[in-house]
*Asks:* 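The structure under discussion is supplied below as structure tokens; questions concerning it will follow.
Just so you know, residue 1 is the first one in the sequence shown, and it goes up from there. One-based numbering, in listed order, for ligands and for the atoms of each.
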Amino acid sequence: MLDLEKSVQYVKNVGPTRVKLLNKLNIHTLQDLISYFPRNYEDRGVAKKLVNCQDGEEVLIKATAITKVSEIFARRLKIYRLVVRDGETPCTITWYNQSYLKNIFKIGHTYNFYGKVEIKLGRYEMKSPIFDESGENKNTGKIIPIYPLTYGITQNTIRKIIENGVNEAYGNLEETLPNYIIEKHKLMGINDAIKKIHFPESKSDFIRARYRLVFEELLGFQLALLHIKENYKTQEKGIIFDKNVKMSDVINTLPFHLTKAQLRVLQEIDDDMENIRPMNRLLQGDVGSGKTIVSIIASYKAVKSGYQVAMLAPTAILASQHLENFKKTLDQFGIKSELLISSITKKNKQNIKERLANGEIDILIGTHAMLEEDVIFKNLGLVITDEQHRFGVKQRAKIASKGKNPDVIVMSATPIPRTLALILYGDLDISIIDELPPNRKKIDTFAVTKQLEDRLNGFIAKQINEGRQCYIVCPLVEENEEMDLKSVVELSEKLQKETFPQYRVEYLHGKMKAKEKDDIMLRFKNGEIDILISTTVIEVGVDVPNANIMVIENAERFGLAQLHQLRGRVGRGEYKSYCILKYEGRGKVVQERMKIMCQTNDGFVISEKDLELRGSGDFFGTAQHGIPEMKIANLFEDIKVVKEVQDISCKILADDPNLEQEKNMKLKKLTASKFTKRIEI
Ligand code: ADP
Ligand code: MG
């Protein structure tokens, strides 16, 4: 029997060195290997006539050798040249330092060459093309998969290894979808799908193979999510909060009018709270759309119905900021709010825990410290987590388990179009605040290149002289925290010594201890720092109303959604605010992205554009969003399949809610694997 879990080490052509390289690509087992899908394909199947080629085009040509390979020594280089002819058209082919080529080609024989055609003054050339010796179809003559790689492994090597793995598996893979689904939706079987996603013989092969695999991935994902959601709905009995507690009693004390969107969302929450089934609601809204006040009003309802509230924030400073806001609105109603973060004294903690357990504290706001075993609520009724992507499902479940099926609100500031939100958060109901409070000033955004640096620095200095503060954000250098740190430290030294010696410059980065970070953030908030340089750790919503400039270094390296999040750190006070995107590169996509940022402040528009320009792979790729990575589906391009699969999933579950019927056994297995993955996030 085929063992898909066996180590990739036992696949042909894989030795101890290659195992390590494969592991770097997250390929550990045979299963991983055959599910390591190509990122692209090159069609080296159909030859093109040289005369029809454009300069710079990558093509396959079929041409006959008309000379022997000549060898030329040029300093340290050895150049090998061959002249071939395609019909009447001659072409010079050049390789470097590959002496074995000397004796391969024979005059009068025809070969396949795949590479970039260069046309100089009417002469055709090709440099270092891929070729096959006559008669063979190893590297050309077919569609070739291109894999994402790591240093030290070549396309040829990985292709060979995957080919070996696929050959071993082919014919022995157990079907993962039930027959009735395969037939109904005319899907390719798993064996063919795996073979053809790697080595398609035609474009339509590829399309059918990919469709089958995307379908399967999305189906497993959807079923798992819907299943969780259904469980919440049907099985658990939650709390019915008091109908006589009116949210309007708090709303009437606010110094501003709630937006229509806030009111609508509150209505949804109110209905849920009065319903017996536990609420599990995602509250989504752009930065500054006023999610916090919504959670405060919901908390009022919970407390006045006789329950306690827990609010989980990702950082201590955010928790403190929330506490301030809660107290400002709710103290007047005799509601007691407290803060629990790891930095408070032991004695204080003990005191808080005691008062929490006997019900003297109504609302507890805090960080991970709240998750500890000995934090016991007397009567927890509502759980709110802020900035959803920082917490895993596990942590959410943990805090919720401190009550008896409490209602849960998850707040997220990543605006995602509703269609996508429905898919990604299938386990939650969704409320969206799609409107900003009135009189929000637009944050003026400018995209600049290095040439304008001096003017920019002058502008920053002018603003600081008027009493304002400035953020400067550096991008994460991929997978290299040491370098991130270095770039932040170096930049801050340079700015402090050379550019802004008269101002107080500090820096923050992800490797600092939480306490250090909070400390610096607090000093910035208190106006003791003029310029704060950081990696993206400041992304989370800390309010510093006096900071009005956000400079983003290498803005081209950020996704639009992230740029938008960062920009949302300014424009929180009464001052005119600015976002300056410093970028490099002239690429069309870069220009396009900078333009969008300068044109609009609407997070939903931006996230849709982001998806369009980058594809969902990148957008959702980071575990940051708490979304499992898709192996093959692209939520943007495959939105049609997503919807199709959504319908199918609903029908399957309506008929067989726990996937217990014999015909659905395979689906149960499929969802089980998705489910564990999600829980681990
Ligand atoms: P976010 O959705 O990013 O968490 P906040 O809840 O922090 O946004 O709100 C940002 C600011 O806007 C807060 O100071 C809040 O008091 C204020 N605010 C919220 N709703 C309104 C409103 N309807 N009108 C005016 N200001 C509002
Ligand atoms: Mg917020």
*Asks:* Does R468 make a cation-pi contact with Y575, if we ask for NZ or CZ under 6.0 Å from the ring centre and within 45° of the axis?
*Replies:*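 Yes.
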*Asks:* Would you check the N or O atoms of G288, main chain and side chain alike, for any that come under 3.5 Å of an N or O of ligand 1?
*Replies:* yes
*Asks:* Any atoms of ligand 1 less than 4.0 Å from a non-hydrogen atom of T259? List them with their elements.
*Replies:*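 In order of numbering, the contacting atoms are 23 (N).
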*Asks:* For V473, does its backbone N or O pair with a side-chain atom of E553 as donor and acceptor, under 3.5 Å?
*Replies:* no
*Asks:* Can you sort out which atoms of ligand 1 are near H257, meaning under 4.0 Å from one of its heavy atoms?
*Replies:*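 Result: 22 (C), 23 (N), 24 (N).
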*Asks:* Hey, is D286 touching ligand 1 through its side chain, its backbone, both or neither, going by heavy atoms under 4.0 Å?
*Replies:* backbone
*Asks:* Please verify whether a non-hydrogen atom of S289 lies at under 4.0 Å from ligand 1.
*Replies:* yes
*Asks:* May I ask you to decide if G603's main-chain N or O and D286's side chain share a donor-acceptor pair within less than 3.5 Å?
*Replies:*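 Such a contact is found between D286 side chain and G603 backbone.
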*Asks:* May I ask you to check whether Q469 and N548 show a side-chain donor-acceptor distance below 3.5 Å?
*Replies:*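 The criterion, which ignores hydrogens and geometry beyond distance, is not satisfied for N548 and Q469.
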*Asks:* Would you say Q262 has any N or O atom under 3.5 Å from an N or O of ligand 1, going by distance alone?
*Replies:*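 Yes: some nitrogen or oxygen of Q262 is under 3.5 Å from one in ligand 1.
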*Asks:* Mind checking whether M411 has a heavy atom under 4.0 Å from ligand 1?
*Replies:*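 No, M411 has no heavy atom closer than 4.0 Å to ligand 1.
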*Asks:* Mind checking whether G290 has an N or O less than 3.5 Å away from an N or O of ligand 1?
*Replies:* yes
*Asks:* Using a strict 4.0 Å cut-off to heavy atoms of L258, name the atoms of ligand 1 that fall inside it.
*Replies:*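 Numbered from 1, ligand 1 contributes 23 (N).
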*Asks:* Determine yes or no for a side-chain-to-main-chain donor-acceptor pair under 3.5 angstrom, with S248 supplying the side chain and I251 the backbone.
*Replies:* no
*Asks:* Indicate whether the side chain of Y503 and that of N465 have a donor and an acceptor atom separated by less than 3.5 Å.
*Replies:* yes
*Asks:* Checking D407 now: which residues fulfil side-chain contact (heavy atoms from CB on, under 4.5 Å) with it, not counting sequence neighbours?
*Replies:* F241, M273, P278, M279, L382
